[in-house]
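What follows is one structure encoded as structure tokens, with my remarks underneath.
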Amino acid sequence: MPNPHGHTGEMTISSQRASMAGGCTIAGVKPSHPNWTNQDSYLMAESVGGLKDMHVYGVLDGHGEVGHLVSGHCKEIMCKSLADANMNLHRAFRAVQSDVSNRNFDAKCSGATCVLCGTKG
């Protein structure tokens, strides 16, 4: 959806049983970079690790030249990493960091900050 500055964003609404979640992201305006890429990602997973009642929600704020690639990649592998780590956040985040370090994009000066929460039940 275009914002007043002509940038496109992404919006998702998800609901399952009695829970509802929504997310929206719009690229910021950078006067020195008129074609700035939105580096933010978010995830909403309502069944993690085969557990139908395990819901995970996250916001990833990319930064640096390839921050959009880092945040997008982290979004794609976070739930599998959580499941593989038996829902241990420390191990899952370490696995994601290791995976990002071995990607074909240069993440030495780029990255993503992730805020993650989960619910069970």
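Every heavy atom of this structure was used, including side-chain atoms; hydrogens, water molecules and symmetry mates were not. Computed from a predicted model, the values in this text were never measured in an experiment.
- Residue Val56 comes nearest to Met87 through the heavy atom pair CG2-CE, 4.4 Å, listed as atom of the first residue, atom of the second, then distance.
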### Query
Can you check side-chain hydrogen bond (donor to acceptor under 3.5 Å, both in side chains) on His73 and Asp99, steps first, answer last?
CA-CA 9 Å; His73 182 69; Asp99 191 88; 2.3 Å; yes

### Task
Applying side chain to side chain contact (heavy atoms under 4.5 Å, CB included), run through Leu89 and Leu116 and close with a yes or a no.
CA-CA 9 Å; Leu89 288 175; Leu116 195 66; 3.8 Å; yes

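- Asn38 is not listed as a side-chain neighbour of His68, based on a closest heavy-atom distance of 4.5 Å or more.
- Ser41 places no side-chain N or O within donor-acceptor distance of the main-chain N or O of Leu60, the cut-off being under 3.5 Å.
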### Query
Between Ser110 and Leu69, is a side chain to side chain contact (heavy atoms under 4.5 Å, CB included) present by the stated rule, with each step listed?
CA-CA 9 Å; Ser110 298; Leu69 298 177; over 6 Å; no

### Query
Can His63 and Thr113 be said to form a side chain to side chain contact (heavy atoms under 4.5 Å, CB included), step by step?
CA-CA 8 Å; His63 53 269; Thr113 300; 3.9 Å; yes

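- What you find for Gln39 and Gly64 is that their closest heavy atoms are NE2-O, 2.5 Å.
- Of all the heavy atoms in Ser47 and Lys52, the pair that sits closest is OG-CA, 3.8 Å.
- Distance check: Glu46 CD to Asp53 CG gives 12.0 Å after rounding to the nearest 0.5 Å.
- For Ser98, the side-chain hydrogen bond (donor to acceptor under 3.5 Å, both in side chains) test picks out no residue, with sequence neighbours left out.
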### Task
For the pair Asn86 and Arg91, evaluate side chain to side chain contact (heavy atoms under 4.5 Å, CB included) and give the outcome as yes or no after the intermediate values.
CA-CA 9 Å; Asn86 198 28; Arg91 288 196 337 237; 4.0 Å; yes

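- No continuous path of ILVMFWY side-chain contacts below 4.5 Å connects Val59 to Val48, so the two sit in separate hydrophobic clusters.
- Counting all heavy atoms, side chain and backbone alike, Ala107 lies closest to Val70 at CB-CG2, 4.1 Å.
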Side-chain donor/acceptor pairs under 3.5 Å, residues 78-85, sequence neighbours excluded:
residue	atom	partner	partner atom	Å
Lys80	NZ	Asp84	OD2	2.6
Ser81	OG	Ile77	O	2.9

